[in-house]
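Taking it in order: structure first as structure tokens, then the write-up.
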Amino acid sequence: MVWQFASRYFRAKKSTNAINIIAWVSVVAIAVGAGALIVILSVFNGFEGLVKSLYSSFYPSIKIAPATGKTILLTADQLQKISAVPGVAHYSQVIEEKAVLRYGDEPTIAVLKGVDSGYNNVTDVKSHIVRGRFDTGDSVAYRAILGLELEGALGVDVVHSLAPVTVYLPRRTVSTFVTPEDALNNGVLYPTGTFAIQQEFNSKYVITNIEFLRKLLEWGDHEMSALEISTPAGVDEKLLKQQLEVLLGKNYKVQTRYEQNQSLYAIMQTEKWAVYVILSFIMIIAAFNMIGSLYMLVIEKQKDITILKAMGARKSLIMRIFLAEGLIIAGIGTLLGLGLGIVFCLLQQQFGMIKLEGTSFLVDAYPVSMHAADFLLVFVTIMIIGLAASWYPARRAAVEAIELKAT
């Protein structure tokens with residue numbers, strides 16, 4: 001009965017046309033706000049997915065690093081035990097170290113990442129080669145794959161140049177020295193390819209053979225900076241982390257992909273929720289139209305309220321009728337807004353209507369990704385706002401005095 005009264009009041013023609021106009025203005029305002037919320041949250045989801053895909057191309061699913069110091073030591077027996085853990089698909093030994101690179105006259109500081117033959121099974125860098133090929137070489141000739149910006153900074157042409165890049169790394173065993181040369185080992189790398197993932201990686205990383213770095217750093221055969229692990233789809237990384245921690249002990253730090261980039265993911269989530277809160281406040285302002293519409297409806301329906309009370313209707317029933325009226329307005333507006341948001345997001349996905357300014361982005365248009373949880377969140381949020389906005393007019397209707405006059 002409550003919803004029948006509420007729907008009839010919403011559909012019926014009012015004596016004052018302004019009430020109908022304000023009611024539909026409220027619906028439109030809520031629809032616009034709901035659609036905007038869905039679109040913006042979907043854009044944030046799109047950018048989050050894009051960033052995660054780029055970082056997952058370079059960072060592994062699981063990383064085993066030293067708890068203290070710079071190196072870990074994993075024997076062949078330990079590596080075999082790690083590979084036998086359920087959820088471990090592939091692993092790669094890596095060494096990372098800052099080095100001075102010289103190609104021509106100007107030196108450049110970069111991060112050398114030495115990898116073994118299993119590296120392409122752990123990350124997706126190989127699919128991001130834009131020039132040349134992925135080849136780290138061997139003991140006959142060690143080769144290197146440079147980040148796009150770093151290639152430009154060095155002035156290297158990986159396709160046509162045959163000149164090597166000279167690498168300088170600190171010697172491990174030196175304790176005193178007279179000249180700087182005494183503290184450095186040097187070797188040469190032949191550039192064979194260029195990768196382009198995103199600027200953070202492109203501007204500082206050089207990927208090469210792990211044996212080249214072991215030789216220059218004077219590390220042992222089983223020493224490494226980290227062990228990078230890939231997992232099949234659907235594996236619980238947190239559970240796998242716990243299993244590896246039990247297997248390896250406290251001298252090793254095991255990190256999931258999220259933990260390797262925790263600050264980045266935290267910032268993205270914070271920005272998304274900040275925008276959600278701001279737009280929710282805008283929705284609260286839009287709800288003032290509802291308050292005005294419902295308050296005018298209460299005045300319009302004073303006679304009906306009096307009759308209902310005279311027939312024995314309790315205050316709670318009257319209040320529920322007008323609360324339901326507010327929920328109908330909010331519900332219609334929300335459903336219209338969600339529909340508009342879906343249509344816009346589908347058009348953006350298909351045609352890329354709104355383009356990103358500039359030419360340095362990996363995508364031409366704003367990426368969007370719709371999540372069911374966002375739709376539920378927006379619906380619940382607006383219905384709560386609608387319920388809160390309806391409370392005062394509904395209460396005003398409930399306490400309306402009975403005034404029956406003889407006619």
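Note that the coordinates shown come from a computational prediction; the quantities given were computed from them, not determined experimentally.
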Donor-acceptor list for residues 137-144 side chains, cut-off 3.5 Å, not counting sequence neighbours:
from: Asp138; atom 1: OD1; to: Val140; atom 2: N; distance (Å): 3.0
from: Asp138; atom 1: OD1; to: Ala141; atom 2: N; distance (Å): 3.3
from: Arg143; atom 1: NE; to: Asp135; atom 2: OD2; distance (Å): 3.3

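- Under a 4.0 Å N-O distance rule, the pair Lys241/Glu237 does not qualify as a salt bridge.
- Residues passing the ring pair (Phe, Tyr, Trp, His ring centres under 6.0 Å) test with Phe44, sequence neighbours excluded: none.
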Exercise answer: donor-acceptor pairs, residues 58-66 side-chain atoms, under 3.5 Å, sequence neighbours excluded:
from: Ser61; atom 1: OG; to: Thr231; atom 2: OG1; distance (Å): 3.4
from: Ser61; atom 1: OG; to: Arg257; atom 2: NH2; distance (Å): 3.4

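- Counting only residues at least two apart or on different chains, no ring pair (Phe, Tyr, Trp, His ring centres under 6.0 Å) pair has a member in residues 96-138.
- Every residue meeting the side chain to side chain contact (heavy atoms under 4.5 Å, CB included) condition with Ile384, not counting sequence neighbours, appears here in chain and number order: Val380.
- Here Glu228 pairs with Lys113 in a salt bridge; the nearest charged N to carboxylate O distance falls below 4.0 Å.
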Please tabulate, one pair per line, all N/O donor-acceptor pairs under 3.5 Å involving side-chain atoms of residues 330-340, not counting sequence neighbours.
from: Thr334; atom 1: OG1; to: Ala330; atom 2: O; distance (Å): 2.6

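- Within the 4.5 Å cutoff, the side chain of Leu74 has heavy atoms near those of the Leu248 side chain.
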- Message: Does Glu211 form a salt bridge (Lys or Arg N to Asp or Glu O under 4.0 Å) with Lys215? I'd like the steps, not just the answer.
- Response: CA-CA 6 Å; Glu211 296 304 328; Lys215 178 182 176 183; over 6 Å; no
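- The two residues Pro191 and Ala163 have their closest heavy-atom pair at CD-O, 3.9 Å.
- With a 6.0 Å radius and a threshold of 12 heavy atoms from other residues, nucleotides or ligands, Tyr258 has its OH atom above the threshold.
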